[in-house]
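Let me begin by presenting the structure, written as structure tokens, before commenting on it.
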Amino acid sequence: MSSSEDDIPLSKSSYGRAKISPIKAESDSEDDMPLVRKSRPRNVSTSYKEDDSEEEYKEKAVAANGSKRKALSQATKVNGNAKKAKPTVARVKKETSVTPAKSPTSKMLAKKTSVAKVKKESTPVKSGEDQDQEDEEEIFKWWEQDKEDDTIKWTTLQHSGVLFPPPYEKLPKSIKLFYDGQPIDLEPEAEEVAGFFGAMIETDHARNPVFQKNFFNDFVALIKKLGPGKEAKNSKTKETVNLINFSKCDFTKIYAHFEKLKQEKKSISTAEKKKIKLTRDASEEKFKVCYLDGRKELVGNFRIEPPGLFRGRGAHPKTGKLKERVLPEQITLNIGAEAEVPEPPKGHQWGEVKNDNTVSWLATWKENINGTTKYVFLAQNSSLKGMSDFKKFEKARELKNYIEKIREDYMKELKSELMASRQIATATYLIDQLALRAGGEKGEDEADTVGCCSLRFEHITLKPPHTVVFDFLGKDSIRFHQEVEVIPQVFKNLKIFKKEPKKIGDDIFDRLDPAILNKHLQNYMPGLTAKVFRTYNATKTMQDQLDFIKNVGTVNEKVVAYNAANRTVAILCNHQRTVAKTHEASVGKIEDKITELVWQKNQLKKTILLLDKSEKKRRPEFFEDMDSLDRETIQQIHERLLERESEKITKKFARDNEKLKAEGEPVMKQTDLKERLKAVKELQKELQKELKTNKPEIKPNMTVEKCEKQIIKLEERITNTRLQLKDKEDNSQVALGTSKMNYIDPRMTVMFSKKYGVPIEKLFTKTLRDKFNWAIQSADENWRF
DNA sequence: CGTCGTACTTAGGACTAGCCCC
DNA sequence: GGGGCTAGTCCTAAGTACGACG
């Protein structure tokens with residue numbers, strides 16, 4: 001059936017268990033999270049990175065770097081016959097860094113075109129006349145437009161094509177692959193592939209036997225194809241054609257070489273790095289933009305994917321295969337008929353150039369491993385992407401008008417006489433309640449993952465009276481493992497669907513596939529498909545969660561509350577991430593920090609009493625917790641304190657010596673260091689004494705007021721750090737980003753921002769603010785999903 | 001219908017800029 | 001002012017959906 005025989009020896013980590021109620025979120029305790037992760041291979045590093053060698057594109061880029069105004073007028077001309085509506089021009093100050101966007105609360109779907117002149121973030125002084133135009137750029141407020149027919153994506157379209165990765169640069173002569181202890185000369189094309197693998201030998205991918213096998217097959221085939229070649233100068237090398245044993249290959253020299261390069265790159269000065277970035281940016285500038293109906297829009301992935309080894313996820317049978325370099329001849333460009341076709345790289349031709357305005361891609365090619373089509377699309381902040389995003393959320397919003405009926409119906413249909421109807425009802429129940437994906441069929445050559453319709457016998461276990469255990473790998477081979485109490489009829493149905501003669505490997509929903517299911521759903525609402533339920537339930541859950549949040553407390557507290565709501569959604573959608581290797585350590589560090597802050601606070605309280613005994617009588621409860629830490633903990637704090645102190649002194653000593661050396665002065669001796677370290681000894685004595693007497697040393701000029709002030713500061717820091725710690729713990733295996741980016745209607749977040757007075761910057765990163773600008777501009781504090 | 005190809009959204013991990021802490 | 005860490009960004013794989021085709 002599927003993959004299997006030579007599968008990756010992935011260690012399966014222990015399964016966690018959690019009861020979760022079948023009806024979403026609401027208030028189920030966050031403590032018993034149903035998230036469990038199988039241990040997956042982790043990609044540690046890639047260093048086959050394309051990079052540098054900008055030369056090629058430099059001249060063109062400079063030419064393209066003309067004035068914005070020029071570009072604009074040119075574009076407008078092209079657009080001459082496009083939209084006729086008269087633009088309303090509004091002046092809107094564009095957000096500059098941290099000012100919350102002023103909401104010009106505009107009506108959605110207003111029947112007018114409006115174009116706002118927007119101040120661009122201050123450009124360095126421009127000379128003279130056309131400064132006005134240079135500083136301002138027109139922003140097309142598509143969300144204030146009629147949403148008409150969307151089969152036509154554009155009327156005119158111009159762009160500069162795509163950016164190819166730099167050509168392969170041969171390794172230095174001294175760096176070679178070793179075979180059976182001997183250095184091997186390889187043709188550059190083969191050497192490049194050896195480099196792909198060599199660079200990653202320390203990653204989990206490279207340790208995966210399937211990856212190794214696939215890589216090696218392709219590698220050997222390439223060498224055979226190339227033949228001994230002109231590089232083969234010695235007899236030993238001729239044997240490379242017979243290179244057949246992976247275990248005799250030694251990539252360590254190559255690996256070391258790439259590591260060295262990495263280090264060198266890291267060590268170049270910041271100024272130098274900046275310069276490199278600048279030239280790189282300049283050479284790429286023209287690819288970054290395009291003109292759609294005359295309006296400037298950003299292009300997303302204009303960089304052609306560089307060659308490398310395919311990093312298929314999970315147990316992908318093809319992982320490790322060689323992903324070949326893409327040539328211009330393989331690329332199809334899509335561009336307006338009126339536009340000038342960008343020049344292909346020297347000595348090359350475009351595969352094809354077409355003018356299809358029913359699609360949004362600018363370029364496409366076929367990738368050689370799975371034969372899938374890759375596209376170059378516009379950036380996330382483009383109008384095209386924005387519009388379809390908007391539509392997606394409006395569609396999900398529309399579902400709320402039908403959801404009741406749909407639920408009512410599937411409850412009835414669960415008992416249908418017709419097997420097909422019963423399966424549809426059961427599947428809809430699961431998709432609605434558990435936010436499962438549709439689950440289309442997959443091929444033999446892909447990782448064995450499933451969704452609702454493709455669930456198999458072995459993926460669910462029935463536990464009477466009506467608990468179902470789901471355990472399967474979903475998209476990206478992320479494990480879905482939940483124990484769910486379902487309604488009795490669903491339990492009964494699943495039992496039927498699993499009944500003999502069904503066995504392991506058989507589909508649960510044997511009368512169903514996403515097409516059938518979606519067709520059924522369209523009966524309720526045009527355009528309704530399985531995935532809409534995920535969007536609907538995600539945003540609905542978010543709204544319900546946000547509604548619980550009281551409008552009190554600090555901004556930080558509100559952000560934490562928002563994140564908690566976001567987390568509920570992420571859990572619903574099973575958005576996971578691997579726990580960072582450094583997680584445990586960093587949690588430990590924060591915990592240590594908190595106890596240290598508590599200790600400091602306690603010290604201050606004791607100091608107050610030493611300064612003025614009467615305080616204790618005045619407010620005994622204030623001093624109740626000043627001995628909250630036990631002796632051992634305090635001792636640990638002391639140790640850390642002392643260690644830090646001596647480290648600091650040692651470092652300072654080293655620095656001072658460096659300085660002296662540089663100035664040609666005689667350096668200090670180790671005894672001088674010892675002298676300096678005496679201060680630490682002093683401190684140690686002091687602390688030891690404190691530990692005995694339980695009385696802190698009083699610093700000169702200390703007053704009760706000063707102590708009070710510091711205590712308040714410390715308490716603030718303690719709550720903040722605790723908050724931070726909790727957030728970190730709760731988020732360690734949940735990925736919040738995916739739901740925020742794809743499932744939660746951004747207008748919900750904008751509503752929260754406005755209603756609760758939380759700057760949008762605290763909720764959306766820069767990229768998200770750009771992507772969701774339409775939502776920021778159009779939603780207010782009363783917005784409801 | 002079932003299969004396939006195309007076009008688009010959704011996804012987690014790799015990489016990195018910049019922030020914070022010392 | 002440098003190093004460690006993390007949040008944010010980049011990259012591209014892996015889904016969904018749908019229409020054409022036989």
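Letters A, B, ... mirror the listed sequences (proteins, then strands); counts begin at 1.
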### Task
Report which part of the nucleic acid A/Gly312 touches: base, sugar-phosphate, or nothing (heavy-atom distance under 4.0 Å, all strands).
sugar-phosphate

### Query
By a strict heavy-atom criterion of less than 4.0 Å, which residues belonging to residues 519-533 of chain A are in contact with DNA chain C?
A/Gln522, A/Thr529, A/Ala530, A/Lys531

### Message
Which residues pass the salt bridge (Lys or Arg N to Asp or Glu O under 4.0 Å) test with A/Lys531, not counting sequence neighbours?
### Response
none

#### Entry: All ring-ring contact (aromatic ring centres under 6.0 Å, His included) counterparts of A/Phe393, not counting sequence neighbours
none

### Task
Could you tell me the separation between the CG atom of A/Asn563 and the C1' atom of C/dA7, rounded to a whole number of Å?
12 Å

## Note on the structure
Among the nucleotides C/dT9, C/dG15, B/dT10, whichever has the atom closest to the side chain of A/Thr449 is C/dG15

#### Entry: Pairing residues for A/Lys288 by the salt bridge (Lys or Arg N to Asp or Glu O under 4.0 Å) criterion, not counting sequence neighbours
A/Asp281

#### Entry: Residue whose nearest DNA chain C nucleotide is more 5′ - A/Asn370 or A/Pro514
A/Asn370

### For A/Lys323, all residues meeting side chain to side chain donor-acceptor pair (under 3.5 Å), sequence neighbours excluded
A/Glu305

### Message
Whether A/Ser360 contacts B/dC8 is assessed here as follows: a side-chain N or O lying under 4.0 Å from the phosphate OP1 or OP2. Is that the case?
### Response
yes

## Note on the structure
Rounded to whole Å, CD of A/Glu596 lies from C1' of B/dC21 at a distance of 13 Å

### Message
Would you say A/Asn518 places a side-chain N or O within less than 4.0 Å of OP1 or OP2 belonging to C/dA17?
### Response
yes

### Query
Within less than 4.0 Å of OP1 or OP2 of B/dC8, is there a side-chain N or O belonging to A/Lys153?
yes

## Note on the structure
Assign each of A/Cys452 and A/Lys374 the nucleotide of DNA chain C bearing its closest heavy atom; nearer the 5' end lies the nucleotide of A/Lys374

### Task
Answer yes or no: is there an ion pair linking A/Lys321 with A/Asp218, defined by an N-O contact shorter than 4.0 Å?
yes

### Message
B/dG13, OP1 or OP2 - any side-chain N/O from A/Thr578 closer than 4.0 Å?
### Response
yes

### Message
Applying a 4.0 Å non-hydrogen cut-off, can you work out what A/Gly439 is touching in the nucleic acid: base, sugar-phosphate, or nothing?
### Response
sugar-phosphate

### Message
Heavy atoms from C-beta onward define the side chain here; which of C/dA17, B/dC8, C/dA13 lies closest to that of A/Lys323?
### Response
C/dA13

### Task
Check the distance between C/dA17's P and A/Ile516's CD1 and give it to me in whole angstrom.
14 Å

### Message
Please tell me if A/Arg313 has a side-chain N or O lying less than 4.0 Å from either OP1 or OP2 of C/dC11.
### Response
no

### Query
What nucleic acid atoms does A/Phe377 come within less than 4.0 Å of, heavy atoms only: base, sugar-phosphate, or nothing?
base

### Query
To the nearest angstrom, how far is A/Leu378 atom CG from B/dT9 atom C1'?
15 Å

### Summary
Among C/dA13, C/dG15, B/dA11, the one nearest any side-chain atom of A/Asp476 is B/dA11

### Task
Please tell me which of A/Leu384 and A/Glu441 maps to the more 5' nucleotide of DNA chain B, matching each residue to the nucleotide holding its nearest heavy atom.
A/Glu441

#### Entry: A/Asn301, nearest nucleotide to its side chain (from B/dG13, C/dT9, C/dT12)
C/dT12

### Query
So, is A/Arg437 close to the B/dT10 phosphate, meaning a side-chain N or O under 4.0 Å from OP1 or OP2?
no

### Query
Is A/His316 near enough to C/dA14 that one of its side-chain N or O atoms lies under 4.0 angstrom from OP1 or OP2?
yes

### Residue list, side chain to side chain donor-acceptor pair (under 3.5 Å) with A/Tyr743, at least two apart or on another chain
A/Arg534

### Task
Output all residues satisfying ring-ring contact (aromatic ring centres under 6.0 Å, His included) with A/Phe302, sequence neighbours left out; order by chain, then residue number.
none

### Message
Per the side-chain hydrogen bond (donor to acceptor under 3.5 Å, both in side chains) rule, what does the pair list look like for residues 510-520 of chain A, sequence neighbours excluded?
### Response
A/Gln423-A/Asp510, A/Lys502-A/Asp510

### Query
For C/dT9, does either OP1 or OP2 sit under 4.0 Å from a side-chain N or O belonging to A/Thr767?
yes

### Message
Students often get this wrong, so: under 4.0 angstrom with heavy atoms, is A/Ser388 touching a base, only sugar-phosphate, or nothing?
### Response
sugar-phosphate

### Query
Can you list the residues that meet the side chain to side chain donor-acceptor pair (under 3.5 Å) rule with A/Lys475, with sequence neighbours excluded?
none

## Note on the structure
The side chain to side chain donor-acceptor pair (under 3.5 Å) partners of A/Tyr402 (sequence neighbours excluded) come to none

#### Entry: Nearest-nucleotide comparison on DNA chain B, the residue closer to the 5′ end among A/Asp513 and A/Ser739
A/Asp513

### A/Asn742 side-chain proximity, nearest of B/dT10, B/dG12, C/dA13
B/dT10

### Message
Any salt bridge linking A/Glu285 with A/Arg280? Criterion: basic side-chain nitrogen under 4.0 Å from a carboxylate oxygen.
### Response
no

## Note on the structure
With A/Cys290 as partner, the option from A/Val376, A/Leu298, A/Val299 fulfilling side-chain contact (heavy atoms from CB on, under 4.5 Å) is A/Val299

Interface polar pairs with nucleotides 4-6 of chain B, N/O, under 3.5 angstrom:
{"from": "B/dT6", "atom 1": "OP2", "to": "A/Lys366", "atom 2": "NZ", "distance (Å)": "3.2"}

### Query
Could you go step by step and tell me if A/Ser383 and A/Glu297 meet the side chain to side chain donor-acceptor pair (under 3.5 Å) rule?
CA-CA 8 Å; A/Ser383 56; A/Glu297 301 261 15; 2.4 Å; yes

Show the distances under 3.5 angstrom between N or O atoms of the protein and N or O atoms of nucleotides 2-5 of chain C.
{"from": "C/dC5", "atom 1": "OP1", "to": "A/Lys589", "atom 2": "NZ", "distance (Å)": "3.1"}

